[in-house]
Structures are given as structure tokens and as C-alpha cells.
Amino acid sequence: MKKKMALHINNFAEWTVIIILLVVCCFLTITSLFYHFEEHTSTIIKDNPLISLFAVFLFLAIIGLLSRLLLSVYRRFPYLDKVLLVITLSWVCGFSYVFVIGAKTLPCSDAKSVYDIAVRMYNGDMGAVVPTGSYLSLWPFQTGMIFIFEKLMRIFNTTDSMMLQYWNIFYIGLAVLSGYGFIQMITNRLEAILSYFLLAGTFFPVFLYATSIYGDVPALSLMMFSFWMFLASKRATSLFQKIVFWAFTMGGAVLACTYR
């Protein structure tokens with residue numbers, strides 16, 4: 001009786017999460033087709049959904065065609081997926097690196113606040129950590145991210161903001177690698193893996209976030225890594241492997257929450 005009740009509760013929880021995620025995903029998808037946010041004027045502007053849909057279908061058609069072509073090539077080169085992994089990682093990290101160097105952006109808004117506090121802590125000034133009347137008293141959840149930034153500054157012995165941007169490139173590469181590991185575990189279809197490489201290699205919004213000194217990119221990357229390690233722990237054959245994968249799972253999740 002208890003097992004049946006636990007099974008029903010588990011199924012109810014799973015379907016509840018699935019339905020909520022589907023509703024949120026559909027809402028974001030539909031609104032993205034009709035509107036876009038203009039950053040310079042902080043206003044929402046209407047889009048033409050037909051143009052947006054045409055662009056999406058055209059892009060997906062090109063991805064599908066390239067996946068089929070690569071699938072035929074794979075029959076001659078069995079290790080094509082490993083080669084594409086190296087190429088995709090090299091392209092993603094290389095593009096992000098060039099963008100960071102070329103953009104030469106400085107932190108602003110909230111990013112500047114957390115960066116400045118991290119610099120002050122690096123220099124031994126703990127005055128920013130006060131109970132009232134400070135940035136951290138208003139936004140205490142930023143404390144973890146500032147702590148990480150300050151430790152990175154000590155490890156690399158520099159307060160240059162570009163160091164943190166370079167560190168984002170590592171997380172972008174980790175996100176691509178984690179996605180590959182995740183896809184490889186949930187499906188044996190090579191076409192899905194090849195499609196993932198093509199999609200991951202053209203996911204420019206994430207690459208452009210390399211200059212953002214904030215917790216978005218690290219948290220996204222670490223959660224993807226955590227999901228990958230969680231699946232790996234389920235497939236582990238020995239107790240030692242399970243412990244190692246679970247340690248990575250929990251470590252990734254804790255770091256992701258600390259960043260965000």
C-alpha cells in the first residue's frame with residue numbers, strides 16, 4: 001500500500017513539473033514570436049510572427065539537412081562525433097575569446113556592483129559586508145557569487161575584469177561538453193548528437209554573454225554539468241563510480257546555486 005502511494009505521489013510530482021515546464025516553455029515561445037525587448041529604450045516592441053517562424057523553420061531545415069549529410073559521412077568515419085566535439089568546442093571557445101578581446105566591455109549595473117565589492121574584498125576591505133545600508137544587505141543572495149569572484153582574483157592574482165570574462169569561456173565550453181554527454185546518454189541516435197553539435201555551435205546568445213560578469217553563464221553551465229553527472233551516476237556499475245558521479249552532481253548544483 002505504501003509503495004503504491006509513493007509511486008502515485010512520485011508520478012504526480014513528475015507530471016506536475018512536466019506540465020509547468022511545458023506551460024512556461026509555450027508561453028516564452030509564443031511571446032518571443034510576437035514581441036522583442038529593445039534594450040536601449042527599455043520597451044517591448046511587436047515583431048512579425050511570420051518572419052520569425054520563417055527564420056526558425058529555415059534554420060531548423062538547414063540543421064536537419066546538415067545532420068543527414070554528416071550522418072552519411074559518419075558511416076565512413078566512425079569517430080566523427082568525437083571530431084565534431086573537438087571542432088565545436090574549439091569554435092565556441094575561440095569565438096567567445098575573440099569576442100571578449102574585441103568587445104572590451106566593462107561591468108555595469110549589478111555586475112559592476114558585485115565586481116567592485118569583490119575587488120574591495122580582495123584588497124582587504126570588508127566594509128561592503130554590513131547588515132544594513134549596503135548593496136549586500138538589499139541583495140544578500142549575491143554574496144556567494146562575490147565570494148567566488150574574490151577567490152578567483154586571489155588565485156589568478158589580478159582584479160582585471162577580463163579575467164572573469166575569460167573564466168566565462170571555460171564555463172561556455174563546459175556547457176557544450178555537458179550537453180553532449182547528456183544527449184549521448186539519453187539517446188543512441190547519432191542524428192540527434194550531430195544536430196546538437198550544430199545547434200550548440202550556433203547558440204550565439206550564450207557566447208555573447210561571455211563578457212557578462214555575473215552568474216548567468218556559470219550557473220547554466222554548472223546545472224547542465226550536474227544533470228550530466230546525475231545521469232552518469234544512474235548508469236555507473238560500481239559503488240566508487242556512483243560516489244564520484246554523485247559528488248560531481250552535488251558539487252555542480254551547489255556551485256550553480258552559489259553563483260545565482
Going by atom types only, do Gln142 and Tyr259 share a side-chain donor-acceptor pair under 3.5 Å?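 The answer is no; no qualifying pair exists.
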Taking atom types as modelled, is there a side-chain donor on Gln165 or Ser212 under 3.5 Å from an acceptor on the other?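 No pair is found: no donor N or O on one side chain lies under 3.5 Å from an acceptor on the other.
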So that I know where these two stand, are Tyr180 and Tyr196 an aromatic pair - ring centroids less than 6.0 Å apart?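 Not under 6.0 Å, so no.
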Taking the ring centre of each residue, are Phe204 and Phe207 less than 6.0 Å apart? yes
By side-chain contact (heavy atoms from CB on, under 4.5 Å), which residues pair with Tyr122, not counting sequence neighbours?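 Here the qualifying residues are Glu150, Met153, Arg154, Asn157, Thr159.
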Mark yes or no for whether [X], through its side chain, and [Y], through its backbone, hold a donor-acceptor pair below 3.5 Å.
| X | Y | result |
| --- | --- | --- |
| Trp228 | Gly179 | no |
| Ser221 | Val217 | no |
| Thr249 | Phe230 | yes |
| Ser96 | Cys93 | no |
| Ser226 | Leu222 | no |

When rounded to the nearest 0.5 angstrom, what distance separates [atom1] in [X] from [atom2] in [Y]?
| X | Y | atom1 | atom2 | answer |
| --- | --- | --- | --- | --- |
| Lys112 | Ser161 | NZ | OG | 9.5 Å |
| Tyr209 | Asp216 | OH | CG | 5.5 Å |
| Phe99 | Asn168 | CZ | CG | 11.5 Å |
| Ile148 | Thr143 | CD1 | OG1 | 11.5 Å |
| Ile172 | Leu89 | CD1 | CG | 11.5 Å |
| Thr158 | Leu152 | OG1 | CG | 11.5 Å |

Same cluster for [X] and [Y] if Ile/Leu/Val/Met/Phe/Trp/Tyr side chains link at under 4.5 Å?
| X | Y | value |
| --- | --- | --- |
| Val244 | Leu239 | no |
| Leu199 | Leu208 | yes |
| Leu231 | Phe240 | yes |
| Phe245 | Met250 | no |
| Ile243 | Val254 | no |

Test log, rule side chain to side chain contact (heavy atoms under 4.5 Å, CB included), inputs Met121 and Phe147: CA-CA 9 Å; Met121 293 177 67; Phe147 171 80; 5.7 Å; no
Apart from Val100 itself, what residues make up its hydrophobic cluster, given side-chain heavy atom links below 4.5 Å?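 The other cluster members (ILVMFWY side chains, heavy atoms under 4.5 Å, direct or chained) are Tyr97, Ile101, Met162, Tyr166, Ile169.
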Test question: given the 4.5 Å side-chain rule for I, L, V, M, F, W and Y, name all other residues clustered with Leu21, or answer none.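 Answer for Leu21: Val17.
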To check you understand the geometry: which heavy-atom pair defines the closest contact between Ala253 and Met223, and what is its length? CA-SD, 4.2 Å
For atom CZ of Phe59, is the number of surrounding heavy atoms from other residues, nucleotides or ligands below 6.0 Å larger than 12?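 Enclosed.
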Under the salt bridge (charged side-chain N to carboxylate O under 4.0 Å, His left out) rule, what pairs show up with a residue in residues 218-246, not counting sequence neighbours?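 For residues 218-246, and leaving out neighbouring residues, there are no salt bridge (charged side-chain N to carboxylate O under 4.0 Å, His left out) pairs at all.
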Given Val83, Ile87, Thr202, Thr88, the one that forms side chain to side chain contact (heavy atoms under 4.5 Å, CB included) with Phe197: Thr88
In chain order, what residues pass the side chain to side chain donor-acceptor pair (under 3.5 Å) check against Thr237, with sequence neighbours excluded?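 Expected list: Gln241.
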So Phe170 and Trp167, would you call those rings parallel, tilted or perpendicular, with 30° and 60° as cut-offs?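 Taking Trp167 first and then Phe170, their aromatic rings lie parallel (interplane angle under 30°).
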For a 4.5 angstrom cut-off between non-hydrogen side-chain atoms, does Ile213 reach Phe149?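 Counting from C-beta outward, Ile213 and Phe149 do come under 4.5 Å.
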State which residues pass salt bridge (Lys or Arg N to Asp or Glu O under 4.0 Å) with Lys82; sequence neighbours excluded, sorted by chain then number.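 With neighbours one apart ignored, the set is empty.
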